[in-house]
Amino acid sequence: MGKYGNEVRELLTYVGGKENIQAVSHCMTRMRFVLIDPKKADEKAIEEIACVKGTFTQAGQFQVIIGNDVSVFYNEFTAYAGIEGVSKDAVKAAAKTNQNPLQKIMGALGEIFAPLIPALICGGLILGFRNVIGGIYFFDGHTKTLADISQFWAGLYDFLWLIGEAVFHMLPVGIVWSITKKMGTTQILGIILGLTLVSPQLLNGFSVADTPAADIPVWDFGFAKVQMIGYQGQVIAAMMAGFILVYLEKFFKKHCPEVISMIVVPFCSLVPAVVLAHTVVGPIGWRIGDAIANVVYGGLMSPFGWLFAGLFGLLYAPIVMTGLHHMTNAIDTQLINTYDYTILWPMIALSNISQGSSVLAMTLLQKKNERAQQINVPACISCYLGVTEPALFGVNMKYGFPLVCGMIGSAIAAMISVGFGVQALSIGVGGLPGILSIKSDFYLPFLAAMAVAIVVPFLLTLMVGSRKLSAKEKGLETAEDAAPAQPEKAESGVNGESQPENPAAQEEKSDDAAESASGELKAFLNGKVIPLDDVPDDVFSQHVMGDGLAIEPEDNVVVAPADATVTVVMEDSRHACGLALPNGMELLIHVGIDTVDMNGDGFELFVKEGDQVRAGQPLIRFDREKIAAANHPCTTVFVVTEEGEAGDIQYHTGMECQAGKTVVVTYQ
């Protein structure tokens with residue numbers, strides 16, 4: 001058998017055998033399985049296989065991280081197992097068969113809201129700053145705000161609303177755009193439909209409740225009257241209108257002759273969609289949204305609200321792992337639209353903190369486990385900042401007990417929050433910064449809930465982990481491992497005694513070695529250099545493949561960062577390549593996130609495996625517009641998968657760089 005004979009046999013056994021594999025493929029670093037029964041996969045045993053760097057499940061695919069050598073491993077695996085690999089599209093399609101209808105709906109909902117999250121976070125921060133400036137009575141005996149005593153702050157308070165209004169009042173525009181983008185229809189038509197829902201000609205949706213029915217303006221068609229009501233901040237109505245537009249456009253594209261489609265399809269799609277949005281689906285969506293908000297609000301404000309809160313706080317982290325948590329964005333937005341605040345979002349922020357505190361305890365417990373710390377530290381930071389997936393999938397779910405300890409702390413903190421009626425004015429800012437979204441009257445009770453969310457999971461995880469974690473998991477060495485290595489013998493003299501090397505020669509040799517070993521790697525793209533932790537992919541951001549950095553590109557040609565040998569390329573997808581330097585350092589350059597799904601469309605590969613390349617030589621050309629159209633980030637990742645003889649590797653980030661000129665990595 002080949003290079004990975006034993007590992008291939010082990011993996012086939014631990015995934016449940018050939019009969020449990022529905023489909024298998026690979027990308028630049030990972031084996032991608034669709035398993036008939038995912039429960040048969042022994043994740044713990046798989047992660048113990050020598051060449052495996054980790055596992056995770058995403059969108060119905062069980063993924064095993066191998067590294068740069070994954071193509072060799074894949075070929076040996078399929079040959080040994082006697083199964084035929086399939087395309088990435090086939091794997092993706094097969095993965096969807098593992099999802100029930102609810103998972104498919106939640107997956108679609110997540111894909112719709114994912115592009116909106118940066119705007120929601122930004123808007124939440126803006127409203128948080130406005131809350132500090134104009135909502136907290138710091139001055140004159142707690143009677144005046146910062147905006148009341150300073151014209152500058154008053155002006156800033158008013159100016160910031162320009163952004164806040166654009167994010168939250170005009171949210172339907174973003175929702176309908178995102179739906180058309182996901183469904184592959186004309187995005188500008190989605191934007192126009194969204195704009196008709198928030199037109200200034202209409203009565204602002206936030207003012208409807210305070211306006212007498214007789215004063216609501218109408219369109220009078222003689223035989224019928226339609227209320228001129230805007231849908232500012234409405235989520236359900238905007239989503240329903242967006243899907244109406246999508247299916248109308250697909251219908252007319254299918255049945256309209258190509259020669260007149262440019263005229264007929266946009267007109268026959270947009271006009272009926274706008275009419276239906278304001279006459280049918282808009283009012284229905286409004287009532288559905290209000291009903292959902294009223295049920296949630298009623299449950300939280302009832303005499304049993306504390307029980308509802310405890311249950312929500314307990315289950316929110318597992319809900320995140322199923323993808324169902326995306327629905328809370330819609331509910332939260334609807335609550336703010338209906339009541340001008342939400343009591344749901346504070347509990348979400350507290351759940352983020354609780355899971356982060358569990359990881360913080362794991363960081364302490366595994367302080368001597370270097371491999372674990374590469375995942376623990378960035379996962380803890382991201383969790384405290386409101387992004388829980390790295391912590392949940394990379395740490396807490398892996399060991400089990402940290403997840404449960406975090407859930408317990410979250411439940412207690414949620415009961416405190418709801419018990420004191422803590423209100424948030426906006427959503428999007430989670431974790432520790434979540435306090436910026438909290439109404440100033442509730443700062444103290446929210447701080448108390450935050451303290452519980454930090455302390456309880458931390459202590460519980462610490463106590464349970466000290467008993468449950470093995471010495472290996474903690475990174476503790478055995479007595480044999482800890483024994484100091486015996487020093488090598490120096491050259492023997494004439495009498496057999498060790499003789500020291502000539503000091504001058506030793507110093508000269510040391511200097512020569514240092515000079516020959518030191519080096520630098522240049523930027524492989526023009527753009528902004530960012531830390532690996534900021535890459536929107538858990539495998540890279542958690543440093544599973546190794547340390548590195550990434551570039552947000554401003555051009556479209558990847559060049560070699562140094563003289564090297566091309567060790568691996570993805571000839572079908574053409575989105576990544578591996579390099580080896582003379583000192584044994586191995587590099588991976590990966591263009592975009594999940595761009596393997598594009599099957600090479602928009603990519604051009606200039607090199608092949610075994611080529612010798614010079615620093616600055618083009619490796620890959622890519623089409624940024626096609627990547628964006630496929631709904632993938634263009635972030636290009638650089639990872640040192642093997643350090644070789646290099647030491648003291650330093651990664652330089654936070655700067656603009658020029659390909660082939662700016663030094664981004666130095667080493668000895």
Side-chain angles (χ1 to χ4, degrees), residues 42-56 64-67 353-385 388-406 409 454-488 531-533 538-549 584-586 639-651 667-668:
D42 189 340
E43 295 182 29
K44 199 164 186 179
I46 292 171
E47 290 180 356
E48 293 296 323
I49 297 175
C51 64
V52 172
K53 294 178 170 63
T55 66
F56 67 101
V64 180
I65 305 164
I66 303 295
I353 296 168
S354 296
Q355 293 299 323
S357 298
S358 292
V359 182
L360 182 63
M362 291 297 291
T363 302
L364 185 61
L365 289 166
Q366 296 182 302
K367 61 185 178 182
K368 294 186 178 180
N369 186 333
E370 186 176 343
R371 182 176 180 181
Q373 293 296 70
Q374 290 178 351
I375 300 174
N376 293 345
V377 174
C380 180
I381 294 171
S382 66
C383 206
Y384 274 149
L385 294 177
T388 55
E389 283 83 354
L392 290 173
F393 292 110
V395 184
N396 293 353
M397 190 172 69
K398 177 180 178 180
Y399 295 98
F401 68 88
L403 174 66
V404 175
C405 294
I454 293 171
V455 173
V456 171
F458 179 81
L459 292 179
L460 286 176
T461 304
L462 212 58
M463 288 188 292
V464 176
S466 61
R467 295 179 176 86
K468 289 185 70 72
L469 289 178
S470 66
K472 181 179 179 181
E473 290 171 326
K474 291 178 181 178
L476 300 177
E477 297 177 331
T478 63
E480 181 180 349
D481 293 332
Q486 296 297 319
E488 294 184 8
L532 201 60
D533 295 351
D538 290 346
V539 171
F540 292 127
S541 64
Q542 294 179 28
H543 301 246
V544 175
M545 294 298 304
D547 210 348
L549 47 81
M585 183 185 286
E586 295 184 10
V639 175
V640 177
T641 54
E642 294 291 341
E643 294 185 359
E645 299 174 3
D648 190 25
I649 302 175
Q650 301 292 323
Y651 301 93
Y667 58 88
Q668 294 295 324

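This structure is a prediction, so every number in the text was calculated from the model and none was measured.
- Between the CG atom in Leu360 and the CG atom in Leu365 there is a gap of 10.0 Å [rounded to 0.5 Å].
- For the pair Pro457 and Ser358, the tightest heavy-atom approach, listed with the atom from each and the gap, is CB-OG, 3.6 Å.
- A heavy-atom distance below 4.5 Å is found between the side chains of Thr363 and Gln373.
- Between Val639 and His543 there is no side-chain heavy-atom pair separated by less than 4.5 Å.
- Counting heavy atoms from C-beta outward, Met585 and Tyr667 have side chains that approach closer than 4.5 Å.
- Atom CE of Met545 sits about 7.5 Å away from atom CD1 of Ile65, to the nearest 0.5 Å.
- A distance of 5.0 Å separates OG1 in Thr641 from CD in Glu586, rounded to the nearest 0.5 Å.
- Taking OH of Tyr384 as the start and CD1 of Ile353 as the end, the distance is 8.0 Å to the nearest 0.5 Å.
- Atoms CG and CD, on Asp648 and Glu643 in that order, are 10.0 Å from each other to the nearest 0.5 Å.
- By the salt bridge (Lys or Arg N to Asp or Glu O under 4.0 Å) test, Glu48 pairs with Lys472, sequence neighbours left out.
- Judged purely by atom type and a 3.5 angstrom limit, Lys53 uses its side chain to pair as donor or acceptor with the backbone of Ile66.
- Closest approach of Ser357 and Ile454 over heavy atoms only: OG-CA, 3.1 Å.
- Here the closest non-hydrogen pair linking Val359 and Asn396 is CG2-OD1, 3.4 Å.
- Pairing each heavy atom of Pro402 with each of Met362, the nearest pair is CG-SD, 3.7 Å.
- Summarising the geometry of Gly546 relative to Leu532, their closest heavy-atom pair is O-CD2, 3.4 Å, with the distance given to 0.1 Å.
- Note that the OG atom of Ser541 and the CD1 atom of Ile381 stand 11.5 Å from one another [nearest 0.5 Å].
- Listed here is the closest heavy atom pair of Asn376 and Gln366: ND2-OE1, 2.9 Å.
- In this structure, the side chains of Ile649 and Asp547 stay at 4.5 Å or more apart for every pair of heavy atoms.
- At a threshold of 4.5 Å between non-hydrogen side-chain atoms, the residues Phe401 and Arg467 do not count as touching.
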